[in-house]
Protein chains: 2
Amino acid sequence: MRKTGNMENQRRSVTIRDVAETAGVSVSTVSRVLNGKVDVAKETKNHILSIIDDLGYSTNLAARSMRSQKKNLIGLIMPDIAYPFAIEVMKGVNRAIAESEFDLLVYTSGDVRKRGRVTSEQKYITLLAKSISDGVIVVAPVASEYNIDKPIVSIDPVMSHPNYPSVHATNYEGSRAAMEYLIGLGHKRIGFINGRTELESANRRLSGYRDALKKNGIPIKEELIASGDYTTETGVKCGRQLLSLKNRPTAIFASNDQMAMGVYQVAEEMGLRIPEDFSLVGFDNISESKYLGLTTVDQFISEQGYGAMQMLIQIINEVPLEKQTLKVQTQLVVRSSCREYHES
Amino acid sequence: MRKTGNMENQRRSVTIRDVAETAGVSVSTVSRVLNGKVDVAKETKNHILSIIDDLGYSTNLAARSMRSQKKNLIGLIMPDIAYPFAIEVMKGVNRAIAESEFDLLVYTSGDVRKRGRVTSEQKYITLLAKSISDGVIVVAPVASEYNIDKPIVSIDPVMSHPNYPSVHATNYEGSRAAMEYLIGLGHKRIGFINGRTELESANRRLSGYRDALKKNGIPIKEELIASGDYTTETGVKCGRQLLSLKNRPTAIFASNDQMAMGVYQVAEEMGLRIPEDFSLVGFDNISESKYLGLTTVDQFISEQGYGAMQMLIQIINEVPLEKQTLKVQTQLVVRSSCREYHES
DNA sequence: GTGAAAGCGCTAACAT
DNA sequence: ATGTTAGCGCTTTCAC
């Protein structure tokens, strides 16, 4: 039954040829059945189908991808799959995928550092895009241009004006909103914990912080700006740094919720209460912060994933995009009101 | 610079041939450089490398996969990517990936139903496995056998004794532990909310429930067993059902934490307090239940992902597996003690 | 050290 | 309705 050719001990898997030979038809007929073409006699088709079943044949993705255009596969490329932002994006993309005709292939090297070390982002994108998918979504890409002919949409790109469509939250506006809220409460000494400065999104949040102070005539004190990297650990570090200043800030605005969580921990350690002793606001709304009643700026990350997928599908179907940039609105979520503060 | 051949408007992407022609060498030489073979003159190599850089060439995964064995790619196949169990598995796999030489490709059709509808699980597994990866991890597979020659490891398989290595939690033991805890507290009327009965894991949890009652001489009342499907919604439904019995259970054990969350919501609605009015325990430990202080049975899902990946790597490297089944120990986590209860 | 040629498994254009 | 043929882009003998 199984054609073994020569005495190689390598187990070969069953190919379209095996099916064709067993069924006594040509390879192309099998291919036609496989691809649902109509011009195949019903009985031939059924015969082939049963042989396929018998042999447990299934198509070779690689081979197929080489020949045909449409692959019904979308690639999602992320540096790391296990951090909150990535997971939220995936949820959104996944939802769009479920509603679509496409399947999803998520690619990751598991770790930002490993990826950077081994080879460039460009390589992976091209790999997935040119080879086996109809288009790709890239999270936080660093390059401003990719020379592939496949559709590409990015989420939270590092560059402010990349040459590909992109999706991002209104980081500046959200940051402004948070600050206006705190300032409106009477705060004048507001600490800021910065995120990964290589990301445009982080810089926009910082700008929001600075501009809000400026517009309200509050002098910017560099000692109140701590630099973190979006992890809870640096949140702890920066929280300690800010809260142990002789002239402690009356409020802290963290550039993401993970770092806000860190500050929260420090506050507990130091016996400081929120909001009595100081106010705390965090960007993002994905971590435990919501269970702690923290005030946050929600950037609707999963909507960004969903939106990116929608854009991509449009491009693939050659529907012209109205805008190259999709802005997902941020929203200030006040859970437990922050402390009102007025200088004595 | 770009070879366009005929006047097709289809943009072709740059191939190994383009590189070869531009560099004035043969395709095979370029291939040698690409694959780090040693028998290439240093200057030829550098020349080709710079051309590759100029042209922005990157290899076609599909084509390469067709020819060579080792792909340094692991496939993870999941019916759906956006539910807590899946995410936890991914985290664990991701961690193992980050420590390894492999990259990860997660495949999903986004929705269990869609997947079942379009085509069989077998097809997707074979697709990924035979085509482009060195081995696959499958979450909650339904078939007990796969005819592929690539390594495969499953997590929480539906069958109790599949013909492939598998990883799962000690569901029965965990369930017993939770029940012994509740019974030890004096409870006699303990409600159970069942999960998806097609999963072996769910059945084991139910067995644990039944056996614990039996061993302790407590009669099993079928009215106390409600059937859910692991979603919060059915948790709500079953919670209502159990809590509105005339003879209300004094404790409820939900087959996963999502459903326990649902019961928690119902309790709030009905004005019932936990643990004063009744005790609540949930299997799993991944949802918000931990912030609500619920008692849970942790099944260490991400460890299951990590373990599966370790097993897979062993198989790929042809290290014999000691056991075909990896059992990850469950652990009862008592957050806020449940109510002690003694029949009057 | 390098090139020519075969062929991986498949699809699609062209025959019949 | 089915078979024949020509590649897709790549790796890998086997020559030279």
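Any value given below was found using the heavy atoms of this structure, including those in side chains, with hydrogens, waters and symmetry copies removed. In what follows, every chain begins at residue 1, and chains take the letters A, B, ... in the order their sequences are listed.
What separates CD1 of B/I48 from P of D/dC10 is a distance of 13 Å, to the nearest Å. To the nearest angstrom, C1' of C/dC10 lies 7 Å from CZ of A/R67. Regarding A/L34, its CG atom lies at a distance of 14 Å from the C1' atom of C/dA12, rounded to whole Å. The distance from atom CZ of B/R64 to atom P of D/dG9 is 15 Å, rounded to the nearest whole Å.
Contact between the side-chain N/O atoms of B/N60 and the OP1/OP2 oxygens of D/dC10 is not found at any separation under 4.0 Å. In this model, the phosphate group of C/dG9 is not approached by any side-chain N or O of A/T15 to a distance below 4.0 Å at OP1 or OP2. Dashed line: the shortest gap from a side-chain N or O of A/K37 to OP1 or OP2 of C/dA12 is under 4.0 Å.
Side-chain contact, A/T29 with A/S26: a donor N or O sits under 3.5 Å from an acceptor N or O. Side chain to side chain, A/Y306 and A/E99 meet the donor-acceptor criterion of an N or O pair below 3.5 Å. If you check the side chains of A/D103 and A/N72, you find no donor sitting under 3.5 Å from an acceptor.
Set against D/dC10, C/dT11, D/dT11, the side chain of B/N35 has D/dT11 as its closest nucleotide.
Salt bridge annotation for B/R95-B/E303: present, with a cationic side-chain nitrogen under 4.0 angstrom from a carboxylate oxygen.
Considering all non-hydrogen atoms of both residues, B/V14 and B/Y57 come closest at O-CD1, 3.3 Å.
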Polar atom pairs between nucleotides 2-4 of chain D and protein, under 3.5 Å, N or O only, would you list them?
| residue | atom | partner | partner atom | Å |
| --- | --- | --- | --- | --- |
| D/dT2 | OP1 | A/T44 | OG1 | 2.6 |
| D/dT2 | OP2 | A/A41 | N | 2.7 |
| D/dT2 | OP2 | A/T44 | OG1 | 3.0 |
| D/dG3 | OP2 | A/S26 | N | 2.7 |
| D/dG3 | OP2 | A/S26 | OG | 3.1 |
| D/dG3 | OP2 | A/T29 | OG1 | 2.6 |
| D/dG3 | N7 | A/S28 | OG | 3.4 |
| D/dG3 | N7 | A/R32 | NH1 | 3.4 |
| D/dG3 | O6 | A/R32 | NH2 | 2.4 |
| D/dT4 | O4 | A/S28 | OG | 3.0 |

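Rounded to 10°, the angle separating the first-five-pair axis and the last-five-pair axis of the helix from C/dG1-D/dC16 to C/dT16-D/dA1 equals 40°.
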